[in-house]
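This report concerns only the one structure given below.
Quick caveat, the model's predicted, so the values are computed rather than measured.
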Amino acid sequence: MTGVDDWFAARGWTVFPFQRAVWEAALAGESGMLHATTGSGKTYAVWFAALLRAMAAQPRKDKRKAAGLRVLWLTPMRALAADTLRALSDSAADLLPGWTIDARTGDTSSAARARQARRLPEALVTTPESLSLMLSKADAQEQFSLLDMVIVDEWHELMGNKRGVQAQLALARLRNWNPGLVVWGLSATLGNLQRAQEALLGPAAHGTIVEGSLRKEIVVDTLIPANPSRFPWAGHLGIQMLGPVIAEIERHATTLVFCNTRSQAELWYQNMLEARPDWAGLIALHHGSLDKEVRDWVELGLKRGTLKAVVCTSSLDLGVDFLPVERVLQIGSAKGIARLLQRAGRSGHAPGRVSRVTLVPTQSLELLEAAAAIQAVQDRDIESRPVPDKPLDVLVQHLVTVALGGGFTSAALYGEVRTAWSYRELTPEEWQWALDFVARGGQSLTVYPEYRRVLPDEAGVYRVPDAAIGRRHRMGIGTIVSEAMIQVKFQSGGRIGTVEEGFIARLNKGDHFLFGGRVLEFLRVHEMTAYVKRATGARGAVPRWQGGKMPMSSELAHAALEQMRLATEGIVRGPEMAAVRPLLDIQARWSALPTPQRTVIESLHSREGHHLFMYPFAGRSVHIGLASLLSWRMGRMRPATFSIAVNDYGFELLAPEEVPWPDVFAAGTGSGVALFTTEGLLEDVLASLNATELSQRRFREIARIAGLIFQGYPGQPKSNRQLQASSSLFFEVFRKHDAGNLLLTQAQREVLEQELELKRLRATLEALQARAVSYHETKRATPFGFALMVERFREKLSTEKLSDRVARVLRELEKAAGP
DNA sequence: GACCTGCTGCGGTATG
């Protein structure tokens with residue numbers, strides 16, 4: 001390419017074949033996706049800049065104006081946007097002489113905003129949300145009329161969620177305005193790259209997938225506990241491994257210690273400091289509830305290499321490339337192979353260097369998981385990311401955005417929306433429903449003017465009739481919904497972070513709690529802010545946040561079953577399996593090891609009642625569905641009530657009275673077990689769980705994305721109670737007066753697909769039918785069962801209705817009274 | 001042989 005080769009040569013940089021492949025395709029006007037297996041954001045910024053230079057040199061067709069926005073670079077994070085901007089304007093400035101390059105995100109300075117309002121730069125780095133906001137401006141089409149190219153960084157992070165769907169809709173709009181638009185995505189490795197590309201480019205497009213050629217070397221290993229046979233059978237904190245972890249940190253310059261939860265990170269940080277007081281100031285804590293200022297300080301320390309270790313959650317998964325990071329430790333299960341690779345990639349972040357992640361088990365079965373993960377990484381058996389299918393809440397938001405951004409006619413926008421992959425099968429009826437919903441508020445809200453958000457003029461162009469509605473809408477653009485949080489501040493002023501309302505509500509004045517790596521004393525709460533001061537001495541509670549409960553992935557679960565199959569054949573590979581061997585031996589002796597060919601079921605009679613344990617290894621959400629389903633189906637055959645406990649490996653049903661399990665599981669293979677049938681699965685699942693309550697919780701999020709609920713002005717947030725009250729009001733009104741409301745349907749579908757993983761549940765039932773049943777009556781809890789019993793004490797899920805419980809107590813009283 | 005599980009990401013009004 002003219003000039004560009006020289007530019008690279010002058011710096012002694014090699015031009016790789018995959019770079020040239022992208023350049024050539026893009027210059028020929030093709031879109032596509034780069035499967036990026038290595039390289040920092042900076043590298044990509046530079047060689048995309050080289051591409052832009054080449055494009056700029058091409059003569060432009062029918063575009064008279066010389067200046068204006070030509071390239072849009074989307075990133076999922078503001079921090080990434082800032083880094084990309086820096087890379088483009090520092091390292092690549094001389095590639096793009098005369099270009100203005102700028103970023104625009106929610107925290108862009110007002111000076112930058114004013115500058116951009118006068119004239120947009122040639123290249124703009126921004127987020128999907130900010131792009132949607134730009135689409136809501138009346139002159140949007142004019143602003144984007146010179147656009148040649150869009151680059152979407154870290155597309156794998158967006159494609160699987162509603163943020164990605166919002167990006168799809170925005171891209172459909174940009175493509176419609178600029179038919180020759182070239183779109184390139186950058187994606188990490190995943191199981192469905194082809195789908196990732198379709199989602200990015202639209203159902204009709206055929207793009208090119210370019211393989212980033214440098215295959216990164218990745219090492220996964222495990223810290224083996226000193227005395228594996230005395231390692232706990234249950235638990236998740238893993239503080240027994242403190243010594244070995246400290247020793248690892250000691251041996252390396254900079255280490256990231258990933259934890260699965262924020263409270264776990266707090267506890268690990270505190271324990272590390274207690275063990276090594278001399279590390280004060282050298283180690284730090286980083287998670288999503290800490291104040292931005294604190295997090296910025298930690299990130300800077302990592303970049304400069306002044307920190308020895310950072311204990312963090314997935315808040316450091318993405319983004320900023322911290323070159324000095326030498327070691328990555330993962331405390332507890334990684335839950336999935338993609339996540340593990342992502343975290344490994346935080347170390348050795350330079351071409352030619354090895355990325356290494358070390359697993360730190362918190363209980364015995366995580367040694368098995370570690371062995372499985374290592375095998376799956378070797379096989380590159382990486383999870384897919386499913387793309388959401390026509391979420392109508394996002395569409396409804398988009399309709400108002402477009403009505404503000406110049407207006408639309410029904411037929412034209414319907415056509416455009418269907419070029420977004422997620423809406424490729426949107427029916428005319430669904431379209432009409434969505435349009436009606438923003439035009440009249442659907443069937444039940446017609447009398448409220450604030451829900452008549454768009455109005456057609458005589459020409460049939462839909463616009464937003466009222467400035468106040470437009471303002472409110474712009475304030476609510478985006479698809480990320482979070483619970484209301486309480487700010488935590490020192491009485492003297494400094495911000496520390498945010499905790500959940502419910503946690504603060506349980507505290508009394510003078511109580512201590514651990515947060516942000518310090519022991520704090522709670523003073524008072526005022527207007528969604530909790531005031532605290534530093535406390536001395538006793539530790540006190542650790543805040544809990546109501547986070548998502550990610551299940552172990554199918555890929556990892558299958559690999560774990562496979563490891564056990566090998567173990568039953570006497571094949572023990574690697575130190576992990578050797579260490580977990582004693583536990584597996586006990587399990588095999590007292591009962592059996594589950595394998596891909598065999599379902600292990602155990603029953604046990606204890607003082608608590610009659611237990612049934614089963615280990616399908618299908619992840620916790622499937623196990624919730626499966627446990628509820630089996631107890632419901634069992635209850636239909638004969639009256640019975642059960643308490644349920646689940647983890648990623650299996651579930652427990654506990655009944656107060658004896659249940660004839662041997663009869664149920666006598667068949668020898670799963671296909672003889674009536675409880676495992678997939679017939680009537682949907683109906684039974686809906687009936688067995690409290691589906692309405694689950695849908696209602698889901699609906700909260702949908703109602704906020706669809707713009708039904710105003711979340712308050714910045715700086716004056718509404719409390720959860722206020723937000724929930726209005727969402728349940730809408731839920732009830734729709735159920736009573738507007739049963740055909742498609743947002744209700746969507747809430748139920750999201751519960752089934754995402755929370756209960758219905759597809760995976762069905763696949764699990766089919767697998768169970770194909771497997772042999774290995775049924776054991778045991779005298780005491782096996783190692784696998786023990787973990788479930790512990791789980792039950794923590795979290796009491798019960799299918800027992802109050803009336804049933806009363807009836808049972810009565811029966812017991814009668815029995816006790818005797819004849 | 002009884003536990004301190006539950007992530008991340010963005011965006012914004014109107015001024016006295």
Taking only residues two or more places apart in sequence, or in another chain, which ones meet A:Trp545 in a ring pair (Phe, Tyr, Trp, His ring centres under 6.0 Å)?
A:His287, A:Phe515

To the nearest Å, give me how far apart [atom1] ([X]) and [atom2] ([N]) are.
X        : N      : atom1 : atom2 : value
A:Arg104 : B:dC10 : CZ    : C1'   : 15 Å
A:Trp155 : B:dG9  : CH2   : C1'   : 14 Å
A:Asn647 : B:dG6  : CG    : C1'   : 14 Å
A:Gln363 : B:dT5  : CD    : C1'   : 11 Å
A:Glu383 : B:dC7  : CD    : C1'   : 15 Å
A:Asp317 : B:dC7  : CG    : C1'   : 8 Å
A:Glu483 : B:dG9  : CD    : P     : 16 Å
A:Arg704 : B:dC10 : CZ    : P     : 17 Å

Looking at every heavy atom in both A:Met77 and A:Thr127, which two are closest together, and how far apart are they?
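Minimum heavy-atom contact is C-CG2, 4.5 Å.
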
For the residue pair A:Ala627 and A:Phe651, what are the closest heavy atoms and their distance?
CB-CD1, 3.7 Å

Do A:Gln487 and A:Asp291 get their side chains close enough for a donor-acceptor pair, meaning under 3.5 Å?
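Their side chains do not contain a donor-acceptor pair, so the 3.5 Å distance test is not met.
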
Quiz question: by atom type and distance under 3.5 Å, do the side chains of A:Tyr615 and A:Gln587 form a donor-acceptor pair?
no

Which nucleotide in [options] has an atom nearest any side-chain atom of [X]:
X        : options               : result
A:Thr127 : B:dC10, B:dG9, B:dG6  : B:dC10
A:Met475 : B:dG12, B:dC10, B:dT5 : B:dG12
A:Met77  : B:dG6, B:dA2, B:dC10  : B:dC10
A:Ser315 : B:dC7, B:dT8, B:dG1   : B:dT8
A:Val790 : B:dG12, B:dG9, B:dA2  : B:dA2
A:Thr313 : B:dC7, B:dG11, B:dG1  : B:dC7
A:Trp233 : B:dG1, B:dT8, B:dG6   : B:dG1
A:Ile480 : B:dC7, B:dT13, B:dG9  : B:dG9
A:Leu133 : B:dC10, B:dC4, B:dG11 : B:dG11
A:Thr105 : B:dC7, B:dC4, B:dG11  : B:dG11

Ignoring backbone atoms, test whether [X] places a side-chain nitrogen or oxygen under 4.0 Å from the OP1 or OP2 oxygen of [N].
X        : N      : value
A:Arg343 : B:dC7  : no
A:Thr479 : B:dC10 : no
A:Ser130 : B:dG11 : yes
A:Arg544 : B:dG6  : yes
A:Arg163 : B:dG11 : no
A:Arg262 : B:dC7  : yes

Would you mind telling me which of A:Val542, A:Val311, A:Thr261 makes a side chain to side chain contact (heavy atoms under 4.5 Å, CB included) with A:Glu266?
A:Val542

May I ask you to say what [X] touches in the nucleic acid, namely base, sugar-phosphate or nothing, with a heavy-atom cut-off under 4.0 Å?
X        : answer
A:Phe231 : base
A:Gly712 : base
A:Glu157 : nothing
A:Phe786 : sugar-phosphate
A:Lys162 : nothing
A:Gly288 : sugar-phosphate
A:Arg472 : nothing
A:Pro783 : nothing

Base of B:dG6, side chain of A:Arg620 - is there a donor-acceptor contact under 3.5 Å?
yes

Could you label the plane-to-plane angle of the A:Phe513 and A:Phe503 rings as parallel, tilted or perpendicular, counting under 30° as parallel and over 60° as perpendicular?
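A:Phe513 and A:Phe503: perpendicular rings.
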
Assign each of A:Gln711 and A:Glu500 to its nearest nucleotide of DNA chain B by heavy atoms, then name whichever residue's nucleotide is nearer the 5' end.
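It is A:Glu500, whose closest nucleotide lies nearer the 5' terminus.
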
How do A:Thr126 and A:Arg780 order along DNA chain B: which one's closest nucleotide is nearer the 5' end?
A:Arg780

For the pair A:Glu501 and A:Arg506, find out whether any cationic side-chain nitrogen is under 4.0 Å from an anionic carboxylate oxygen.
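Salt bridge absent between A:Glu501 and A:Arg506.
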
